Amino acid sequence: MSRGLWHSFSTGGVLLGLIFFAASLTPTLLPRSFSTQGVLSGFAMVAGYGMGVFGGWLWAYLELPQLKGRFLRVAKLGAATGCAIVAIVSLWEAAGWQNSIRGLMGLEPVDTVHPVKVCLIALAVVATVIALARLFRLTLDFVATTANRFLPRRVSSVIGVIATVALFWLVINGVLFRAALRIAEASFLEYDALIEPETEPPRDPLRTGSSASLLAWDKFGRAGREFISSGPTREDISAFSGRGALAPIRVYVGLRSADTLELRAKLALEELKRVGAFERPVLIVVTPTGTGWVDPAAMDSVEYLHAGAVATVTLQYSYLASWLYLLLDPGYGVDSARALFKEIYGYWITLPNDSRPRLYLHGISLGAANSEQSTDLIEVMGDPFAGALWSGPPYSSKLWRWLTERRYSGSPFWLPRFRDGSFVRFMNQHGEAAVPASHPSAAWGPMRVIYLQYASDPATFFDYRSFYREPEWMRPPRGPDVSPQLRWYPVVSFLQLALDMFRATDAPIGFGHVYAPAHYVDAWVEVTDVRDWSPEKITRLKQRLSKP
């Protein structure tokens, strides 16, 4: 029986599966634990096996010549031996490959039993998927056999395939997937509504969420309450700078604050007027992530740089994680970003030029993609806002991709240089805005846009086309936080990057999709044109913000 079971496997599928397994052990953008590596390697092996089975079927269907007898046995033995050697060598090298990334990110190296754990988990994944595949085949045979009692054999086979695919799709998409989404939605909704016992409404009547505010504290959502109640105080900023400071203004409109998007945007504007936000020199319109989260590292740094004279406004549009929207609906949240910008900008342009604040945009991840689309740059050309800082733009960001694809030819994909650098520049953790070598002293124009991005951020550099072609960012020179041992493999690299994107925020701070306060300081200095800070003082601020 065991001999029959073994011979039921496709030789070509097993061989290609072993090659895919070996390739999956190579590094990509983020370090992987033995459990995530094992799951990835298992699915890579399944993908290779499936492609091998299909290739064998296609070869036979086209009636191409095939090896027989002794030649076939020798060829199988040689191929199996070669693939087994490749897989064993790859397992031996797996820890070193992972440590090539971990070393760049300052993490402890993996232990020597890492490959054994990976192999066991991968085999468990393969066994599970094969069991499901055989269940599919049994279902198909049952349906086809039943239909064959009344219909011709080929018609029955076609009906069997269609019916079985429909049944499995209904179970996976209509039952399991939708149930998972409902559970996720309920979980995020409950988490969003949770009020921490240590978080109390502000007592200062000029703060959003106080008893005098137009916005109720319990309508903010968890992310909104965290945003309002955190951040540096006037005393914190003054103690650091040694001079007078203002209390930063933070306005947050939760998803429950009003019934419609338009009403929530109007509430945001009215609250800004109430707290005197338009009297501050800097006003920032922030588009949050899918959960409504605003990166505190971004806001704390700019508030320190401007001695607290900063007003920030945010409009929540969801409570689900950004990665769900990136997979299902990358454009979700654009309407919210546009509605808020329209209200704020529409009022801002009515103010005198010499007394209104400088207006900026900000967003991270999905928030960056939506903030990009909050306005058409042509519409504001006559009276432009001051600039934008977009960090970790996801691969779906249209403006980011357009600028990157039209970059200066001598610049890498992971740190582009666009034209003379007077409109947009790109920065990474080294803090220097990329300016074309042909324009080393180029001055900023009336609007300053900076993209803060890490070469190791899979949310930014994931690409569906990596399934069949090498992404441009993999070509040398590599980013400073990308393993030199990274290589592209068709299909496998796509699976690796998809897993990396799912785990983008698991990276240590300053890598992947986790942006460090020190790097925000450099970006805000450029975007908001900070001139009265010495290099020593900026270094001291970075050290302060980097403390846990």
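Residue numbers run from 1 in the order of the sequence given. In this text, all values refer to a predicted model and were calculated from it rather than measured experimentally.
Looking only at distances, no side-chain donor or acceptor of Ser546 sits under 3.5 Å from a matching main-chain atom of Gln543. No side-chain donor-acceptor contact under 3.5 Å links Gln496 to the backbone of Pro27. Checking side-chain atoms of Ser41 against main-chain N and O of Gly38 turns up no donor-acceptor pair under 3.5 Å. Side-chain N or O atoms of Trp488 include one that pairs as donor or acceptor with a backbone N or O of Ser466 at under 3.5 Å. In this structure, the side chain of Arg478 engages the main chain of Met474 through a donor-acceptor pair within 3.5 Å. The backbone N or O of Pro357 lies less than 3.5 Å from a partner atom in the side chain of Trp348, making a donor-acceptor pair. Between the side chain of Thr289 and the backbone N or O of Leu366, no donor-acceptor pair lies under 3.5 Å. Formation of a donor-acceptor pair under 3.5 Å by the Gln98 side chain with backbone atoms of Arg32 is found in this model. The main-chain N or O of Arg234 is never found under 3.5 Å from a side-chain atom of Ser238 such that the two would form a donor-acceptor pair. Arg401 places no side-chain N or O within donor-acceptor distance of the main-chain N or O of Ser396, the cut-off being under 3.5 Å.
Between Tyr515 and Tyr454, the ring planes are parallel. Angles under 30° get that label, and only those over 60° would be called perpendicular. Classification of the Trp524-His362 ring pair by plane angle, with boundaries at 30° and 60°, yields tilted. Below 30°, between 30° and 60°, or above 60°: for Phe341 and Tyr345 the angle between ring planes is below 30°, a parallel geometry. Ring pair Phe462/Phe494 is tilted by interplanar angle, where 30° to 60° counts as tilted.
A 4.5 Å side-chain heavy-atom check between Trp473 and Leu29 finds at least one atom pair inside the cut-off. Contact check for Pro508 versus Leu107: side-chain heavy atoms found under the 4.5 Å cut-off. With a 4.5 Å cut-off on side-chain heavy atoms, Leu272 and Tyr347 do not count as touching. Between Phe461 and Leu497, every side-chain heavy-atom pair lies at or beyond the 4.5 Å cut-off. The closest side-chain heavy-atom distance from Leu399 to Gln373 is not below 4.5 Å. Proximity of Phe227 to Phe220: side-chain heavy atoms (C-beta onward) are nowhere separated by under 4.5 Å. Looking at Leu340 and Ser374, their side chains never come closer than 4.5 Å, going by heavy atoms from C-beta outward. When side chains are defined from C-beta on, Leu30 counts as touching Met105, because their heavy atoms get closer than 4.5 Å.
What you find for Asn370 and Val334 is that their closest heavy atoms are OD1-CG2, 3.2 Å. The shortest heavy-atom contact between Thr312 and Met299 is CG2-SD, 3.6 Å. The heavy-atom pair separating Ser365 from Pro394 by the smallest distance is O-CD, 2.9 Å. Shown here for Ile284 and Leu361, the closest heavy-atom pair between the two residues is CG2-C, 4.5 Å. Here the shortest heavy-atom pairing between Ile237 and Ala307 reads CG2-CA, 3.7 Å. Nearest heavy-atom pair across Arg207 and Ser229 is NH2-CA, 4.1 Å.
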Exercise. Would you check, one step at a time, whether the test side chain to side chain contact (heavy atoms under 4.5 Å, CB included) holds for Trp400 with Trp390?
Key: CA-CA 9 Å; Trp400 170 85; Trp390 291 313; over 6 Å; no

Practice problem: Begin with the C-alpha distance, continue with both residues' side-chain angles, and end with the deciding distance and a verdict on side chain to side chain contact (heavy atoms under 4.5 Å, CB included) for Val530 and His306. | Solution: CA-CA 8 Å; Val530 175; His306 292 275; 3.8 Å; yes

Quiz item: When you look at Glu526 and Trp444, which way does the side-chain hydrogen bond (donor to acceptor under 3.5 Å, both in side chains) test go after all the steps?
Solution: CA-CA 9 Å; Glu526 282 288 328; Trp444 280 104; 3.0 Å; yes

Quiz item: When you look at Phe385 and Leu377, which way does the side chain to side chain contact (heavy atoms under 4.5 Å, CB included) test go after all the steps?
Solution: CA-CA 10 Å; Phe385 54 90; Leu377 292 178; 4.2 Å; yes

Quiz item: Are Tyr304 and Asp236 close enough, and set up right, to give a side chain to side chain contact (heavy atoms under 4.5 Å, CB included), and what steps lead you there?
Solution: CA-CA 9 Å; Tyr304 269 102; Asp236 294 333; 3.7 Å; yes

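Under the 4.0 Å criterion applied to side-chain N and carboxylate O atoms, Asp463 and Arg469 are not assigned as salt-bridge partners.
The line from CD1 of Ile101 to OG of Ser483 is 5.5 Å long, rounded to the nearest 0.5 Å. For the atom pair OH of Tyr395 and OG1 of Thr460, the computed distance is 11.0 Å after rounding to the nearest 0.5 Å.
Note on residues 306-320: no pairs pass salt bridge (charged side-chain N to carboxylate O under 4.0 Å, His left out), not counting sequence neighbours. Applying the salt bridge (charged side-chain N to carboxylate O under 4.0 Å, His left out) test to residues at least two apart or on different chains, the pairs with a partner in residues 505-515 are Arg503-Asp506. Residue pairs satisfying the side-chain hydrogen bond (donor to acceptor under 3.5 Å, both in side chains) criterion with at least one member in residues 294-303, sequence neighbours excluded, are listed as follows: Arg250-Asp300, Arg250-Glu303, Asp295-Tyr520. The salt bridge (charged side-chain N to carboxylate O under 4.0 Å, His left out) contacts involving residues 272-282 comprise Glu270-Lys273, Glu271-Arg274, where partners must be two or more places apart or lie in separate chains. The stretch residues 342-365 participates, sequence neighbours left out, in these salt bridge (charged side-chain N to carboxylate O under 4.0 Å, His left out) pairs: Lys266-Glu343, Arg356-Asp383.
Every residue two or more places apart in sequence or in another chain was checked for a salt bridge (charged side-chain N to carboxylate O under 4.0 Å, His left out) with Arg102, and none qualifies. With sequence neighbours left out, Phe43 forms a ring-ring contact (aromatic ring centres under 6.0 Å, His included) with no residue at all. Legend: residues meeting salt bridge (charged side-chain N to carboxylate O under 4.0 Å, His left out) with Asp481, ordered by chain and number and at least two apart, are absent. Scanning for ring-ring contact (aromatic ring centres under 6.0 Å, His included) contacts around Tyr252 gives an empty result, with sequence neighbours left out. Evaluation of the side chain to side chain donor-acceptor pair (under 3.5 Å) rule for Glu379 yields no partner, not counting sequence neighbours. Every residue two or more places apart in sequence or in another chain was checked for a side chain to side chain donor-acceptor pair (under 3.5 Å) with Thr314, and none qualifies.
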For residues 532-540, please give each side-chain donor-acceptor pair under 3.5 Å, one per line with the distance, not counting sequence neighbours.
| from | atom 1 | to | atom 2 | distance (Å) |
| --- | --- | --- | --- | --- |
| Trp533 | NE1 | Leu305 | O | 3.2 |
| Ser534 | OG | Lys537 | N | 3.2 |
| Thr539 | OG1 | Pro535 | O | 2.9 |

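Residue Glu405 qualifies as enclosed at atom CD: its count of foreign heavy atoms under 6.0 Å is above 12. Shown here is Asp259, whose CG atom has no more than 12 heavy atoms of other residues, nucleotides or ligands within 6.0 Å.
If you check the side chains of Thr28 and Asp500, you find a donor sitting under 3.5 Å from an acceptor.
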